[in-house]
J.: 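Once you've had a glance at the structure underneath, I'll fire off some questions.
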Amino acid sequence: MYEQFAREYAAHAENSAYNALYDRPAVLGLAGDVGGLAVFDAACGPGLYAAELLERGARVAGCDASPTFVDMARARTGGRADLRVHDLSQPLTWVEDDAYDLVVLALAVHYIDDRVALLSELRRILKPSGALVLSTEHPTMAWMRLGGSYFTEEPVEESLSGDRDWPIRAWRRPLTSICAEFRAAGFLIEELLEPRPVPEMAERYPEDYAHLEALPAFIAFRLVPAPSR
C-alpha cells in the first residue's frame, strides 16, 4: 500500500521524529550487537534499517511489497544486501529453515491480516537461538485516536499522516491479542519496550518530544522461539 507514496514517505522517514529518533533507535537497540549475524529485514521499506544493520556488521537480506522501496533500499545499501520484492502475506519460499540469527519487522505487522501465519513463517526461518525484533503502533494510540472500546479488533482505513494523503489499512487490537498472536506462532517475549524519544528530538522536534515523553506511540518486542515440546 506504500507504493503510491513510497518516495514521499522515504524522504519523510529518513529524518522524522517518529521514525529516525523514536522507532529506529528502539528497534536497533533491541537488536543489540549484530556483528557477524545473518539478519532478515522483513518489510525493509527504503532500506533505512538495513543500511544501519550493515554498518553494524550484519549480513543482511530482506523484502518489501513495494518495488519502489526495494529499488531505494538496494541503492541505499549499495548492493550489499539481498533484497527482494515480496508480499509478507505469502510464505518466504526462497528462504530455508533456520537461516537467520535475527529477523527485524519494523512497523509492519499491523498491516497483515493473518499475523500468526506471518509470525510462524518468521519463526521458521530463524535459528533456534535467534530472535525476532518487531515494532508496531501502541494499542492505546488507536484507542485514543479512534475511540470506542480499547478491546476492539478490526482493520481500519485511514491516512498514515494527519497532514498528508497516505492511505493505509491497518489492524487495531489490544495488547492481550498482540501477545496471544506471538504465543500462537511459537514465540516467547524476551523483552517488551515502550520507547522513549532520544534526547536529540527535544531540540529538533520539541512538541513531538513532549508528547512521546507523556504517552508512547509505538511498542517494540524482542521475541525468541519457544522451546519445542
J.: Side chains of D41 and Y100: donor-acceptor distance under 3.5 Å anywhere?
T.: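 Short answer, no.
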J.: The test is salt bridge (Lys or Arg N to Asp or Glu O under 4.0 Å); show your working for E8 and R164 and say whether it passes.
T.: CA-CA 10 Å; E8 291 179 78; R164 296 177 176 88; 5.4 Å; no
J.: May I ask you to test the L215-H138 pair for a side-chain heavy-atom distance under 4.5 Å?
T.: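 Counting from C-beta outward, L215 and H138 never come under 4.5 Å.
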J.: Quick one: CG on D113 to OG on S89, what's the gap to the nearest 0.5 Å?
T.: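 Output value for this atom pair is 8.0 Å.
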J.: What distance separates L30 CG from R222 CZ, expressed to the nearest 0.5 Å?
T.: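 Result: 7.5 Å between the selected atoms.
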J.: Which residue is it: V133, I178, L193? I am looking for the one with a side chain to side chain contact (heavy atoms under 4.5 Å, CB included) to F221.
T.: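 With F221 as partner, V133, I178, L193 yield a single side chain to side chain contact (heavy atoms under 4.5 Å, CB included), made by I178.
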J.: Could you tell me whether a side-chain N or O of R59 sits under 3.5 Å from a main-chain N or O of G35, the two making a donor and an acceptor?
T.: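 Here the side-chain-to-backbone pair does not exist.
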J.: Do F187 and V116 belong together in a cluster built from hydrophobic side chains that touch within less than 4.5 Å?
T.: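 Different hydrophobic clusters.
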J.: Shortest non-hydrogen contact from A6 to S66?
T.: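 Of all heavy-atom pairs spanning A6 and S66, the closest is CB-OG, 4.1 Å.
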J.: Can you check salt bridge (Lys or Arg N to Asp or Glu O under 4.0 Å) on E154 and R173, steps first, answer last?
T.: CA-CA 7 Å; E154 64 181 5; R173 63 237 197 270; over 6 Å; no
J.: Please tell me whether V27 and Y18 are part of a single hydrophobic cluster in this structure, the criterion being side-chain heavy atoms less than 4.5 Å apart.
T.: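 Not linked; separate clusters.
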J.: Keeping the roles fixed (side chain from R74, backbone from L83), state whether a donor-acceptor pair exists under 3.5 Å.
T.: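 At least one qualifying donor-acceptor pair exists.
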J.: Give the minimum heavy-atom separation between A106 and Y49, together with the two atoms involved.
T.: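 Minimum heavy-atom contact is CB-CZ, 3.6 Å.
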J.: From L92 CG over to D97 CG, what is the distance, rounded to the nearest 0.5 angstrom?
T.: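 It comes to 11.0 Å.
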J.: Group every Ile, Leu, Val, Met, Phe, Trp and Tyr by side-chain heavy-atom contacts under 4.5 Å, then state whether V224 and L192 land in the same group.
T.: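 Different hydrophobic clusters.
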J.: Start with the C-alpha distance between N15 and Y205, add both sets of side-chain angles, then the distance that settles side-chain hydrogen bond (donor to acceptor under 3.5 Å, both in side chains), and finish with yes or no.
T.: CA-CA 11 Å; N15 296 296; Y205 305 102; over 6 Å; no
J.: Which distance, rounded to the nearest 0.5 Å, do you find between the CH2 of W94 and the SG of C63?
T.: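 Nearest 0.5 Å value for the CH2-SG distance: 4.5 Å.
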J.: Salt bridge or not for R76 and E14, using N-O below 4.0 Å?
T.: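 Yes, this pair counts.
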J.: Transitively linked via ILVMFWY side-chain contacts under 4.5 Å: F218 with L105?
T.: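 Not linked; separate clusters.
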J.: Look up atom CG in L21 and atom CG in D208, then write down how far apart they are to the nearest 0.5 Å.
T.: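 Rounded to the nearest 0.5 Å, the CG-CG separation comes to 9.5 Å.
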J.: Cation-pi check, R115 to W171: give yes when NZ or CZ is under 6.0 Å from the six-membered ring centre and within 45° of the ring axis, no otherwise.
T.: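 Cation-pi check for R115 and W171: passes.
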J.: Indicate, with yes or no, if L175 and F151 share a hydrophobic cluster defined by side-chain heavy-atom contacts under 4.5 Å among Ile, Leu, Val, Met, Phe, Trp and Tyr.
T.: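 Yes, F151 and L175 fall within the same hydrophobic cluster.
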J.: Which pair of non-hydrogen atoms, one from L126 and one from L132, has the smallest distance, and what is that distance?
T.: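 Looking at all heavy atoms of both residues, the shortest contact is CD1-N, 3.9 Å.
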J.: Check whether S135 reaches the backbone of L107 with its side chain - one donor and one acceptor, N or O, closer than 3.5 Å.
T.: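 Yes; at least one donor-acceptor contact below 3.5 Å.
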J.: Taking side chain as C-beta onward, heavy atoms only, is L28 less than 4.5 Å from L53?
T.: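 SC-SC contact between L28 and L53 confirmed.
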J.: Give me the ring orientation class for Y111 and Y2: parallel if the planes are under 30° apart, tilted from 30 to 60°, perpendicular past 60°.
T.: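 Aromatic pair Y111/Y2 classed perpendicular.
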J.: Check the orientation of W143 and Y150. Use parallel for under 30°, tilted for 30 to 60°, and perpendicular for over 60°.
T.: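 Ring orientation, 0 to 90° scale: perpendicular.
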J.: Hey, does the side chain of Y22 reach the backbone of A217 with a donor-acceptor pair shorter than 3.5 angstrom?
T.: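 Side chain of Y22 to backbone of A217, a donor-acceptor pair under 3.5 Å: yes, one is there.
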J.: Do side-chain atoms of R123 reach the backbone of G186 as a donor and acceptor pair under 3.5 angstrom?
T.: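 Present.
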J.: For the backbone of R169 and the side chain of E158, can you confirm whether one donor and one acceptor N or O come within less than 3.5 Å of each other?
T.: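 The answer is no, because no donor-acceptor pair under 3.5 Å joins these two groups.
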J.: If you apply the rule side chain to side chain contact (heavy atoms under 4.5 Å, CB included), what do you find for V39 with V103, and how did you get there?
T.: CA-CA 6 Å; V39 180; V103 173; over 6 Å; no
J.: State, to 0.1 Å, how close R172 and S149 come at their nearest heavy-atom pair, and which atoms those are.
T.: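 Minimum heavy-atom separation between R172 and S149: NH2-O, 3.1 Å.
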J.: Search all heavy atoms of D64 against all heavy atoms of C44 and return the closest pair with its distance.
T.: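 For D64 versus C44, the nearest heavy atoms are OD2-N, 3.4 Å.
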J.: Kindly say whether Q90 contributes a backbone atom to a donor-acceptor pair with the side chain of H86 at under 3.5 angstrom?
T.: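 Looks like yes, one N/O pair under 3.5 Å.
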J.: Testing R7, Q4, E3 one by one against T68 for a side-chain hydrogen bond (donor to acceptor under 3.5 Å, both in side chains), which residue passes?
T.: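 Exactly one candidate clears the test, E3.
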J.: CG/L188 to CZ/R183 distance, rounded to the nearest 0.5 angstrom?
T.: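 Those atoms lie 8.5 Å apart.
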J.: Who passes salt bridge (charged side-chain N to carboxylate O under 4.0 Å, His left out) against E200, sequence neighbours left out?
T.: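 In terms of salt bridge (charged side-chain N to carboxylate O under 4.0 Å, His left out), with neighbours along the sequence ignored, E200 is linked to R204.
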J.: Heavy atoms only: give me the nearest P199-Y209 pair and the separation to one decimal.
T.: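 Scanning both residues, the minimum pair turns out to be CA-CE1, 4.4 Å.
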J.: Is the backbone of V95 close enough, under 3.5 Å, to the side chain of R124 for a donor and an acceptor to pair up by distance?
T.: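 Present.
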